[in-house]
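Below is one structure; the comments refer to it alone.
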Amino acid sequence: MRSAQHWVVFTGAGVSAESGIPTFRDALTGLWSNFDPEDLATTEAFLRDPDLVWGWYEWRRAKVLKVAPNPAHQAIAELARHVPRLTLITQNVDDLHERAGSPSVLHLHGSLHHPRCMRCAKALDPPQPLDTSQGEQLLAPPVCVDCGGLIRPGVVWFGEMLPEQALTQAFEAAAQCDLLLSVGTSGVVYPAAQIPQLAARSGAWVIHINPQNLALGSEREFQLTGAAGALLPLLVQQVLAD
Ligand code: APR
């Protein structure tokens, strides 16, 4: 770690779990154990029932606005201030990395804070956040002032292409880095899940931080078992210690 010149930090929902944002696939607590992604995270679902989908994403955005970055987000921002080069790639649609002070974040799955028109792609300033005390609720999406199209959440839905520039930059960084930290991801959603594999194949060291034991594909991979909010500050301390 101390000799690494180019770090990549690749994060998933687990890095925000300790801030109070549920992950997707953790049993019982994960969003996908309470909601069917087919009903909520596809273009077809939005066209079928825009009020259900828009309401659900506004509920999630309101929850994100209510929570704060945790020590894992802060440790990553700290690391970026001290290592020669760090590329931060996230699958998360929250802005907790940015709020923790991370200067540039590659969002592979979009953002809850960047809604746009479904028809002309015009960006819309996010409306007033929902009052989450009412729980999930049906909410009609706004209409585009330019073309009258429906405003959709700025996230990447299943079956949709990832933002090309962010994906290209992420793959380039993974292929060039010396060390990749994979934090809080189950590694089952592609093409994002290719990133740690590409780094290992390109000769980088890969360190997984996750309470669950993940299958390691090569001898250049390590697993630190535990919560990111506990392990990452310790790891950063060790790296930056004289
Ligand atoms: N610290 C570190 N890891 C954690 C923590 C924690 N405190 N809590 C849970 N985890 C781990 C879980 O063990 C799991 O491996 O985080 C991972 C979360 O996995 P998923 O819920 O599958 O989330 P993610 O990998 O980010 O999902 C990828 O799937 O649903 C789509 O678009 C969505 O970006 C998302 C993508």
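Atoms within a ligand are numbered from 1 in the order they appear, just like the ligands themselves.
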*For ligand 1, which atoms sit closer than 4.0 Å to a heavy atom of T185?*
15 (O), 16 (O), 17 (C), 24 (P), 25 (O)

*Would you find a donor on one side and an acceptor on the other, under 3.5 Å apart, between the side chain of S102 and the backbone of S104?*
no

*Under 4.0 Å from any heavy atom of F158, which atoms of ligand 1 are there?*
30 (O), 31 (C)

_Donor on one side chain, acceptor on other, H73 and S16, under 3.5 Å_ = yes

*Measure F10 to ligand 1 on non-hydrogen atoms and call it side chain, backbone, both or neither using the 4.0 Å cut-off.*
neither

*Examine the side chains of Q74 and H97 and answer whether a donor and an acceptor come within less than 3.5 Å of each other.*
no

*Taking all non-hydrogen atoms of both residues into account, name the closest pair between Y190 and Q197 and its distance.*
OH-NE2, 2.9 Å

*Subset of ligand 1 atoms that lie under 4.0 Å from at least one heavy atom of A17*: 8 (N)

*asked:* Looking at non-hydrogen atoms alone, which of L214, L224, N210 comes nearest to atom 13 (O) of ligand 1?
replied: N210

*Can you list the ligand 1 atoms lying under 4.0 Å from a non-hydrogen atom of Q212?*
13 (O), 15 (O)

*For residues L88 and L106, determine if any side-chain heavy atom of one lies less than 4.5 Å from a side-chain heavy atom of the other.*
no

*At a non-hydrogen distance cut-off of under 4.0 Å, which region of Q91 contacts ligand 1 (side chain, backbone, both, or neither)?*
both

*Does A228 reach ligand 1 with a nitrogen or oxygen that is under 3.5 Å from one of the ligand's nitrogen or oxygen atoms?*
yes

_So, 4.0 Å and heavy atoms of P211: is ligand 1 close enough to count as a contact?_
yes

_For atom 23 (O) of ligand 1, which of the options G14, A13, A193 provides the nearest non-hydrogen atom?_
A13

*Hey, which atoms in ligand 1 end up nearer than 4.0 Å to a heavy atom of G12?*
26 (O)

*asked:* Suppose we screen for side chain to side chain donor-acceptor pair (under 3.5 Å). Which residues come up paired with R81, at least two apart in sequence or across chains?
replied: E78

*Just let me know how V189 lines up against ligand 1, side chain, backbone, both or neither, with a heavy-atom cut-off below 4.0 Å.*
side chain

*L40 versus F46: any side-chain heavy-atom pair under 4.5 Å?*
no

*Scan side-chain atoms only and decide if N213 and T225 contain a donor-acceptor pair under the 3.5 Å cut-off.*
yes

*Considering only heavy atoms of T23, which atoms of ligand 1 have at least one such atom less than 4.0 Å away?*
21 (O)

Per-pair distances, 0.1 Å, donor-acceptor, side chain in residues 170-185, under 3.5 Å, sequence neighbours excluded:
unit_1 : atom_1 : unit_2 : atom_2 : d
D178   : OD2    : Q5     : N      : 2.8
D178   : OD2    : H6     : N      : 2.7
T185   : OG1    : Q91    : NE2    : 2.9
T185   : OG1    : G187   : N      : 3.3

*asked:* As an exercise, identify every atom of ligand 1 less than 4.0 angstrom from a heavy atom of E18.
replied: 1 (N), 6 (C), 7 (N)

